[in-house]
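Predicted, not measured: the structure shown is a model, and the values here were computed from it. Heavy-atom basis, side chains included; hydrogens, waters and symmetry copies ignored.
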Amino acid sequence: MSITLSDQDKSTLRTAAYGVVSLMAAATGSPQKTATNATIALTSATGLVGHVLAAKAKDIELTGKTVAELADQVLPALTAAMSLLGEQAPAEADNFRGTILLAIEAAQVHPDKPSPTKAEMARKITAALDAAGVATAGQDRPELQKAIEEIVDSGFVGVQLRVHDERGEWAGSAGAAELGGAAKPPTNGHARIGSNTKTFTATLVLQLVAEGKIGLDTPAADYLPEFGLDERITVRMLLQHTSGVFNFTGEVYDDGTIVTGIPIPYGTTGEEWLDNRFKAYRPQELVELALSKPARFEPGTGWSYSNTNYVLARLLIEKVTGRSLAEEMRRLILGPLGLSGTVVPDASPEIPEPYAHAYYRYQDKTVDVTRQNPSWISTGGDMISTTQDLHTFISALLGGKLLPAPLLAEMCTPHPTGIPNMAYGLGVFVVKTDGGGTVISHNGAAVGHAALMYSTPDGSKTLTAALNCVDDADLSIATAFQSAQQRLVNEVFCRRQD
């Protein structure tokens, strides 16, 4: 597709791009190095965007000096730049977006010393890039817009959906960002992604396997001797949920017996969780509680989904690297992929803007629980992300950009779970669709928020979504959530393309 840019259009692109350099430099303690690194990243751009940015021009006018003043100029320019490119050449819009994300990553001159100010600015820049798609998202894929509107009608407050397929990218939203409000959810808002965290964590463990720091079939006790783990439990069993270790959030046995763990939002402990939702837990105490209970089965003899496995994986990562999970996630996944909207929160209750609100209802009281301390679930499901970042992550993972081919094959090798049409690999579900195909997936729920992440095995077609709702102790939304998953998977992966 040919594209013609006026001089004003080119000026908008340059102002937006080089404005990001100024903005990131203003938000850091090393402005000169930040500006140099980010500028080099911009000059590496290819295609039409590269040609425009390479031109030496005097039309870049940034009058602000403070971070706030620069943001008022640069963020709208980014949205305008994406809009004008998207209207004429979507591929160049993607090129521009990728170039800006590369510049943001290059600006992280001290990745081992995260700056909250810079991280927040990176998130605002990403949101500005993605804001351009809000107004037109529902116009070219009416079947997708209809699907998410019907999901809202089934009981959700709001839905954000992003699809990448042979027709390109589509992003849209329906419902409300806030209960009783008129504004739709942002199409790329932040959400707590629940058990999608497991896929990030498993990928990180496998990357450390590739680096020779962890053995996949080595006993986990070799790395974590302080817990007295059964010597038969291997690292693979943790990632595969075949360890038999008790789930610290509680277990429901085949005979209907319920054994509780820590207070959680569901069942009889809902009110206790709500009243103590800002309480901080440390991962060690979650593991110790789990290990004080009888194992569910002998290691390697069954399959049972247990959040404890992934908290042990976190502690293993931190033990062998000497760094926090967040630092390693930044080094090996978030940084290389430019996932500026993804957060490893540990015990922080905060969630970056923009976001749709999450709610919890107990008896006659409905409470906004968007802010909550996620350390109660830890690496079982504590991360925050966006539909764009989830797409970038799963497509890169399955496209072979994060793991060597043999380890990626191990990750996606299905192990039976006893659930119809659904097996488990290492941190991913392997799902048979109604159309007879296979998708790689992980979904997650996080008290009023939920996230979906599906892809074809080669990463070429993806579906990512974030939902917000009113949750409760009885999991009243569960049936609607399952129906929403099935509806979207059928729409994207089973629908015949005309």
Going through the checks in order, is the side chain to side chain contact (heavy atoms under 4.5 Å, CB included) test met by Leu229 and Leu312?
CA-CA 10 Å; Leu229 291 167; Leu312 283 164; 4.1 Å; yes

Glu226/Lys319 under salt bridge (charged side-chain N to carboxylate O under 4.0 Å, His left out): CA gap, chis, key distance, verdict
CA-CA 11 Å; Glu226 63 270 29; Lys319 190 71 168 287; 3.1 Å; yes

Evaluation steps, side chain to side chain contact (heavy atoms under 4.5 Å, CB included), between Leu216 and Leu239
CA-CA 9 Å; Leu216 194 53; Leu239 302 185; 4.3 Å; yes

Intermediate values then yes/no, side chain to side chain donor-acceptor pair (under 3.5 Å), Ser324 and Glu327
CA-CA 5 Å; Ser324 70; Glu327 289 171 320; 3.3 Å; yes

Output, in order, the C-alpha distance, side-chain angles, deciding distance and verdict of side chain to side chain contact (heavy atoms under 4.5 Å, CB included) for Tyr359 and Asp471.
CA-CA 6 Å; Tyr359 298 92; Asp471 220 332; over 6 Å; no

Leu488 and Leu161: CA distance, side-chain angles, deciding distance, side chain to side chain contact (heavy atoms under 4.5 Å, CB included) verdict:
CA-CA 9 Å; Leu488 291 174; Leu161 174 65; 4.0 Å; yes

Is there a side chain to side chain donor-acceptor pair (under 3.5 Å) between Lys198 and Thr201? Walk through the geometry before answering.
CA-CA 5 Å; Lys198 293 182 174 74; Thr201 306; over 6 Å; no

Glu271 vs Arg277, test: salt bridge (charged side-chain N to carboxylate O under 4.0 Å, His left out). Steps then yes/no.
CA-CA 10 Å; Glu271 185 176 22; Arg277 66 187 179 279; over 6 Å; no

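Figure legend: Arg296 and Tyr253 shown as a cation-pi pair, the cationic atom lying under 6.0 angstrom from the six-membered ring centre and within 45 degrees of its axis.
With respect to Asp346 and Arg314, a salt bridge is recorded, a charged nitrogen being found less than 4.0 Å from a carboxylate O. Under the 4.0 Å criterion applied to side-chain N and carboxylate O atoms, Arg487 and Glu491 are assigned as salt-bridge partners. A salt bridge links Arg331 with Glu328: at least one charged nitrogen is closer than 4.0 Å to a carboxylate oxygen. A salt bridge links Asp230 and Arg232; the closest N-O separation between the charged side-chain nitrogens and carboxylate oxygens is under 4.0 Å. Of the charged side-chain nitrogens involved, at least one lies within less than 4.0 Å of a carboxylate oxygen, so that Arg236 and Glu410 count as a salt-bridged pair. Using a 4.0 Å cut-off between a side-chain N of Lys or Arg and a carboxylate O of Asp or Glu, Lys365 and Asp472 do not qualify as a salt bridge. Contact check on Glu318 versus Arg323 returns no salt bridge, with no Lys/Arg side-chain nitrogen under 4.0 Å from an Asp/Glu carboxylate oxygen.
Residues Gln207 and Lys213 form no side-chain contact, since every pair of their non-hydrogen atoms from C-beta on lies 4.5 Å or further apart. Looking at heavy atoms from C-beta onward, Leu291 lies out of side-chain contact with Phe246 at the 4.5 angstrom threshold. When side chains are defined from C-beta on, Trp170 does not count as touching Asp165, because their heavy atoms never get closer than 4.5 Å. Side-chain contact between Leu101 and Thr126 is present, with heavy atoms from C-beta onward closer than 4.5 Å. The shortest side-chain heavy-atom distance between Glu353 and His190 does not fall under the 4.5 Å cut-off. Using a 4.5 Å heavy-atom cutoff, the side chains of Val245 and Met237 are not in contact. Two residues are said to be in side-chain contact when any heavy atoms from C-beta on lie closer than 4.5 Å; Leu390 and Tyr454 fail this criterion. A 4.5 Å side-chain heavy-atom check between Leu337 and Leu402 finds at least one atom pair inside the cut-off.
In this structure, CG in Asp222 is found 12.0 Å from CD1 in Ile214, a value given to the nearest 0.5 Å. One finds the CE atom of Met383 at 9.0 Å from the CG atom of Asn196 (value rounded to the nearest 0.5 Å). Here the OG1-CD1 distance, from Thr249 to Ile264, works out to 5.5 Å after rounding to the nearest 0.5 Å. Note: Leu208 CG to Ile317 CD1 = 6.0 Å, rounded to the nearest 0.5 Å. Considering CD of Glu272 and CD1 of Ile262, their distance stands at 10.0 Å, rounded to 0.5 Å.
Here Phe393 and His391 keep their ring centres 6.0 angstrom or further from each other. For Tyr310 and His241, the ring centers sit closer than 6.0 Å to each other. Taking the ring centroids of Tyr360 and Trp273, they lie under the 6.0 Å cut-off.
Side-chain N or O atoms of Asn468 include one that pairs as donor or acceptor with a backbone N or O of Gly158 at under 3.5 Å. The backbone N or O of Ala358 lies less than 3.5 Å from a partner atom in the side chain of Thr370, making a donor-acceptor pair. Between the side chain of Thr301 and the backbone N or O of Glu298 there is at least one donor-acceptor pair closer than 3.5 Å. The closest donor-acceptor contact from the side chain of His164 to the backbone of Thr462 lies at 3.5 Å or more, if one exists at all. Between the Asn373 side chain and the Pro349 main chain, no donor and acceptor come within less than 3.5 Å of each other. With hydrogens and angles ignored, the 3.5 Å screen pairs a side-chain donor or acceptor of Thr308 with a backbone N or O of Phe248. With Asn247 contributing its side chain and Ser306 its backbone, the two residues share no donor-acceptor pair below 3.5 Å. With hydrogens and angles ignored, the 3.5 Å screen pairs a side-chain donor or acceptor of Thr197 with a backbone N or O of Gly194. Asn309 contributes no side-chain N or O that, together with a main-chain N or O of Gln240, makes up a donor-acceptor pair within less than 3.5 Å. The backbone N or O of Arg282 sits less than 3.5 Å from a side-chain atom of Glu285, completing a donor-acceptor pair.
Minimum interatomic distance between Asp389 and Ser340 (heavy atoms only, all atoms of both residues): OD2-N, 3.7 Å. When all heavy atoms of Phe156 and Cys469 are compared, the pair lying nearest together is CD2-CB, 3.7 Å. Looking at every heavy atom in both residues, Arg192 comes nearest to His449 through N-ND1, 3.2 Å. Scanning both residues, Ala176 and Gly181, for their nearest heavy atoms gives CB-O, 3.6 Å. In terms of heavy-atom proximity, Ser395 sits nearest to Gly459 at CB-O, 3.4 Å. Nearest heavy-atom pair across Gln160 and Thr387 is O-CG2, 4.1 Å.
The environment of NZ in Lys401 is sparse: at most 12 heavy-atom neighbours from other residues, nucleotides or ligands sit within 6.0 Å. By the 6.0 Å contact criterion, CG on Asp255 is enclosed, its count of non-hydrogen atoms from other residues, nucleotides or ligands being greater than 12.
For the 3.5 Å distance criterion, the side chains of Asp474 and Ser476 fail to qualify, holding no donor opposite an acceptor. With no hydrogens or angles considered, a side-chain donor-acceptor pair links Gln145 and Glu149 at under 3.5 Å.
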Listed pairs under 3.5 Å, donor-acceptor, residues 411-430 side chains, sequence neighbours left out:
from: Thr413; atom 1: OG1; to: Ala409; atom 2: O; distance (Å): 2.6
from: Thr417; atom 1: OG1; to: Ile419; atom 2: N; distance (Å): 3.1
from: Thr417; atom 1: OG1; to: Met422; atom 2: O; distance (Å): 2.6
from: Tyr424; atom 1: OH; to: His442; atom 2: NE2; distance (Å): 3.0

